S.K.: 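First the structure, then my questions, so here it is.
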Amino acid sequence: MGMGSLHPTLPLLHHSNSSYPSLPSHSIKPLKTKTPEALKKPSSIPSTELVLLLQSCIETKSYQQGKSIHSQILKLGFERNRDLLPKLIKLYSVCGRISIARNLFDRIPNRNLNVFVWTSLISGYIENGLLGNVIGIFLEMLELGVKPDGFTFSSLLKACSNLGFPPLVTQLHSMIVKCGCGSFLSVENSLIHLYGSLCVDVESAHRVFDRMSCRDVVSWTSIIRACCSLEKYGESMELFSRMQFDEDIKPNELTVVSVLPACGFFSSLRRGQAFHAYIIRNGFSMNVIVGASLVSMYSHCGHPDDAFLVFDSLKERNIVLWTSMIEGYSVNGRFDSALELFHVMQDNGIEPNYVTLIVILSACSHGGLIDDGWEIFNSLRDKFGIEPRAEHYACVVDMLGRAGQLDEAEKFINTMSLKPNGSIFGSLLGACGVYGNVDLGERLASRLFELEPNNAANYVMLSNIYAAVERWDDVGRMRQLMAVKGLSKDPGCSWIETKNKVYVFGAHDRSHPESDNIYRMLEDLSDRIIKAGYVPSTKFVLRDVEDDDKKKLLCSHSERLAIAFGLMKTPSGVPIRIAKNIRVCGDCHDAIKLISKVTSRELIIRDTIRPLLSKELSSRDLMFEDSSIMKSRISTLGNIVQHLMGGYISIRKQHGHP
DNA sequence: CTAGGGTTAG
């Protein structure tokens, strides 16, 4: 009974000579892999080493070696062995020979008794990208009365994420519960992941997470990711610390990558740097994935040069990394650098993907590089082989809108080959506000109200257009319409990070203990910028109040409170960095430029349209397990005057120096 | 036989 015919490069067998299934266990030489279960089932013991051999073939995807082991198995008469069969199925699957795997499976007698082989087959089909067969096999299995176990559901859920069909997740979930597999760790982890990423349903993800009796680092990473992808950044920060304080689980590389977008969103350089340090201290590999998330974090914190240092230090650069860096330049107002890098990337033999093209078109749009934008858009198909998507069209519409070419933009929408979606109309509606085009605005809005009847932003934008031309009756009508529909817009707020704390201000916020000083500072600034030529542009007030009151309202937009606070709390010469959840209004834009001038301070305002919910801004201390780096706190959001729509006017997105 | 990763217009 030799193993001589096996491939010579295979590890030498720790060979048990007792290949007779019926031999009593005491006559069998001890095996490294022996377990109490194995002793109870003597018939499985001689095959144990074959299982190990097969496993090594599976790991190295060695088809020829695997095949010779298979023939040994046949010679030894083990072809019905319950441990070997699934491994053989797996072997042929990973080697891309799914039909052999299927054949093997079909010849299994009584396969309805063995859920293991069914799961192997299912994961084999998934491995080979044959997702269409998976559900069919699963149904066949159920019909035969085979009861799926946790492993089966793990595999099926993996297929879900590739199939991209959200209802399947809910259906499987109920079946999982019925089958009693609801407490299987990898099933729960998959459900969190799928509810978060595929179903965009953070509540369901949380429900699964909260009910778990035992969570591991994957569970925490999954829920942190779910929160980030659904823009609940404050929550993901909080979860990150809870993971360590409540359950003493150490974050790994993927956990850190998952929480970095939150640092970027809060524009919290300190946190981002702390995570960067954590990555280095723990010796996590600096690969393209970690690199791209760091590049993105530094860029969103307003530090494109640090982003470039990370980018530059990486030897391997894939399309995502290049795209992150291009976007990094773009959001920081370095449009020429973005365009340059876009070309350098291609010179390096990397072809842009559709995301890269969204990013570069957006750069052209924000940078007013209309000729470049058109050139790129017109060569999407021929030069880059990219079928234009709605996002690409939206960038062009945005580009024309920002440049004031509203009629061209409308013409473009009417002639595009894709059915325009809400964001395409929405982008142009914003531009109508900037350029005071009520007619086009109304036309676009009416189509938008049909498409997205519950999107508050659309009502707000139309209302802003009316306000800009002082049609207060219409403004009131819009507000009423929103009230009837029960819609409200997220309140605007700005925040500044100093001395390890994040201070958040709402518009006209007086909740800060030093509020009086802040408002005194604002008055002083007002006087100084008026002397420097500032004329308040009251059309951004968007409410029908007396002119004097309008000026006051403008002065206390949240970003100005944050700037005043920053001027009070930081030494002169230190740049002040503010982030805002919604866009900076045109008047504040003018004022901020002058504040920068009269105070000789560099002011860096990062605005965004991403929504930020006020309740997210309460977070406990964020500390690392060695707690050497930081103790920071996000303070709670102060009172916000909800009905003021300050800051929702669409202006050119300002990054970098205002 | 099992789970989690980076870039995305308004």
Side-chain angles (χ1 to χ4, degrees), chain A residues 58 83 85-87 89-90 93 114-124 126-127 149-158 161 181 184-194 196-197 216-226 228 252-258 260-261 287-297 299 318-328 330 352-363 365-366 389-399 401-402 421-431 448 455 457-458 461 583 608-610 650 653:
Chain A
I58 289 165
D83 296 326
L85 267 171
K87 290 281 175 193
I89 290 172
K90 174 83 179 167
S93 305
N114 186 351
V115 61
F116 199 161
V117 288
W118 285 91
T119 305
S120 298
L121 189 70
I122 286 172
S123 54
I126 295 168
E127 191 123 16
D149 64 6
F151 290 113
T152 321
F153 285 116
S154 285
S155 301
L156 285 168
L157 288 168
K158 192 177 175 185
S161 77
C181 298
F184 199 85
L185 185 62
S186 68
V187 167
E188 294 173 299
N189 287 349
S190 280
L191 282 171
I192 297 170
H193 166 66
L194 288 171
S197 64
D216 68 354
V217 65
V218 178
S219 328
W220 285 95
T221 304
S222 302
I223 192 72
I224 286 169
R225 272 220 71 69
C228 269
N252 65 17
E253 181 183 312
L254 283 130
T255 323
V256 178
V257 164
S258 301
L260 276 173
N287 55 29
V288 277
I289 290 166
V290 176
S293 55
L294 283 172
V295 165
S296 180
M297 179 277 292
S299 306
N318 68 359
I319 183 63
V320 177
L321 184 66
W322 282 98
T323 305
S324 308
M325 193 60 234
I326 293 168
E327 201 233 349
S330 171
N353 66 12
Y354 83 98
V355 179
T356 321
L357 288 156
I358 293 170
V359 165
I360 197 70
L361 283 172
S362 158
S365 169
H366 290 278
R389 301 193 187 187
E391 292 96 319
H392 301 112
Y393 286 104
C395 288
V396 174
V397 171
D398 188 58
M399 178 174 83
R402 276 169 202 272
N421 61 17
S423 43
I424 288 177
F425 289 125
S427 149
L428 193 51
L429 185 60
L448 268 172
N455 186 346
N458 299 329
M461 278 194 283
R583 289 193 158 186
T608 170
I609 66 143
R610 287 181 172 181
S650 192
K653 198 169 175 178

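Owing to the predicted nature of the structure, the values given are computational and were not obtained by experimental measurement. All chains are named by letter (A, B, ...) in the order of the sequence lines, taking the proteins before the strands, and each is independently numbered beginning at 1.
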S.K.: Would you say dG10(B) has OP1 or OP2 under 4.0 Å from some side-chain N or O of H366(A)?
M.R.: yes

S.K.: Taking OH from Y354(A) and C1' from dT8(B), how many angstroms apart are they, rounded to a whole number?
M.R.: 7 Å

S.K.: Return the nearest nucleotide to the side chain of T119(A); candidates are dC1(B), dA3(B), dG4(B).
M.R.: dC1(B)

S.K.: Side chain of F151(A) only, please: which of dC1(B), dG4(B), dT8(B) is the nearest?
M.R.: dC1(B)

S.K.: Side-chain N or O of R402(A) versus OP1/OP2 of dG10(B): is the shortest distance under 4.0 Å?
M.R.: yes

S.K.: Check every strand shown and say whether T221(A) touches a base, only sugar-phosphate, or nothing at a heavy-atom separation below 4.0 Å.
M.R.: base

S.K.: Would you say K158(A) reaches dA3(B)'s phosphate, i.e. side-chain N/O to OP1/OP2 under 4.0 Å?
M.R.: yes

S.K.: Give the rounded distance in Å between these two atoms: CG of L121(A) and P of dT2(B).
M.R.: 14 Å

S.K.: Using a cut-off of 4.0 Å on non-hydrogen atoms, how would the nucleic acid contact of S423(A) be classed: base, sugar-phosphate, or nothing?
M.R.: base

S.K.: Out of curiosity, I424(A) CD1 to L429(A) CG, how far, rounded to the nearest 0.5 Å?
M.R.: 13.5 Å

S.K.: Which nucleotide, dT2(B), dT7(B), dG5(B), lies nearest any side-chain atom of F184(A)?
M.R.: dT2(B)

S.K.: Please determine if a side-chain N or O atom of H392(A) lies less than 4.0 Å away from the OP1 or OP2 oxygen of dT8(B).
M.R.: no

S.K.: Choosing from dC1(B), dG4(B), dA9(B), which nucleotide comes nearest the side chain of C395(A)?
M.R.: dA9(B)

S.K.: Counting only distance, no hydrogens or angles, is the base of dT7(B) paired donor-acceptor with the side chain of S324(A) under 3.5 Å?
M.R.: no

S.K.: In whole Å, what is the span from the CG atom of L191(A) to the C1' atom of dT2(B)?
M.R.: 13 Å

S.K.: Any side-chain donor-acceptor pair under 3.5 Å between S186(A) and N189(A)?
M.R.: no

S.K.: Report which part of the nucleic acid Y393(A) touches: base, sugar-phosphate, or nothing (heavy-atom distance under 4.0 Å, all strands).
M.R.: nothing

S.K.: Which nucleotide, dT2(B), dT7(B), dG10(B), lies nearest any side-chain atom of S427(A)?
M.R.: dG10(B)

S.K.: Between L194(A) (CG) and dT2(B) (C1'), how many Å, whole number?
M.R.: 13 Å

S.K.: Mind calculating the distance between CE (M297(A)) and C1' (dT7(B)) to the nearest angstrom?
M.R.: 15 Å

S.K.: Would you mind classifying the nucleic acid contact of E188(A) as base, sugar-phosphate or nothing, using non-hydrogen atoms under 4.0 angstrom?
M.R.: nothing

S.K.: For N189(A) and dA3(B), what is the distance between atoms CG and P respectively, to the nearest whole Å?
M.R.: 10 Å

S.K.: I289(A) side chain: which of dT8(B), dG5(B), dC1(B) is closest?
M.R.: dG5(B)

S.K.: Does E391(A) reach a base, just sugar-phosphate, or nothing at all? Heavy atoms under 4.0 Å.
M.R.: base

S.K.: What distance do W118(A) atom CH2 and I89(A) atom CD1 have between them, rounded to the nearest 0.5 Å?
M.R.: 10.0 Å

S.K.: Can you sort out the partners of I289(A) under side-chain contact (heavy atoms from CB on, under 4.5 Å), two or more places apart, ordered by chain and number?
M.R.: V257(A), N287(A)

S.K.: Expressed as a whole number of angstroms, how long is the span from R389(A):CZ to dT8(B):P?
M.R.: 15 Å

S.K.: Before we go on, tell me: are the rings of F184(A) and F151(A) under 6.0 Å apart, centre to centre?
M.R.: yes

S.K.: Would you please say whether a donor-acceptor pair under 3.5 Å links the side chains of T323(A) and T356(A)?
M.R.: yes

S.K.: Once you round it to whole Å, what is the distance between C1' of dT8(B) and CG of N353(A)?
M.R.: 9 Å

S.K.: Check every strand shown and say whether V288(A) touches a base, only sugar-phosphate, or nothing at a heavy-atom separation below 4.0 Å.
M.R.: base

S.K.: Have a look at N287(A) and say if it touches a base, only the backbone sugar-phosphate, or nothing, with a 4.0 Å heavy-atom cut-off.
M.R.: base

S.K.: Checking contacts here: which listed nucleotide (dA9(B), dG4(B), dT8(B)) is nearest the side-chain heavy atoms of L254(A)?
M.R.: dG4(B)

S.K.: Identify which nucleotide among dG10(B), dT2(B), dG5(B) has an atom closest to any side-chain atom of S186(A), counting heavy atoms from C-beta outward.
M.R.: dT2(B)

S.K.: Choose from dG10(B), dT7(B), dG4(B) the nucleotide whose nearest atom is closest to any side-chain atom of N252(A).
M.R.: dG4(B)

S.K.: Not counting sequence neighbours, which residues clear side-chain contact (heavy atoms from CB on, under 4.5 Å) with S190(A)? List them please.
M.R.: L157(A)

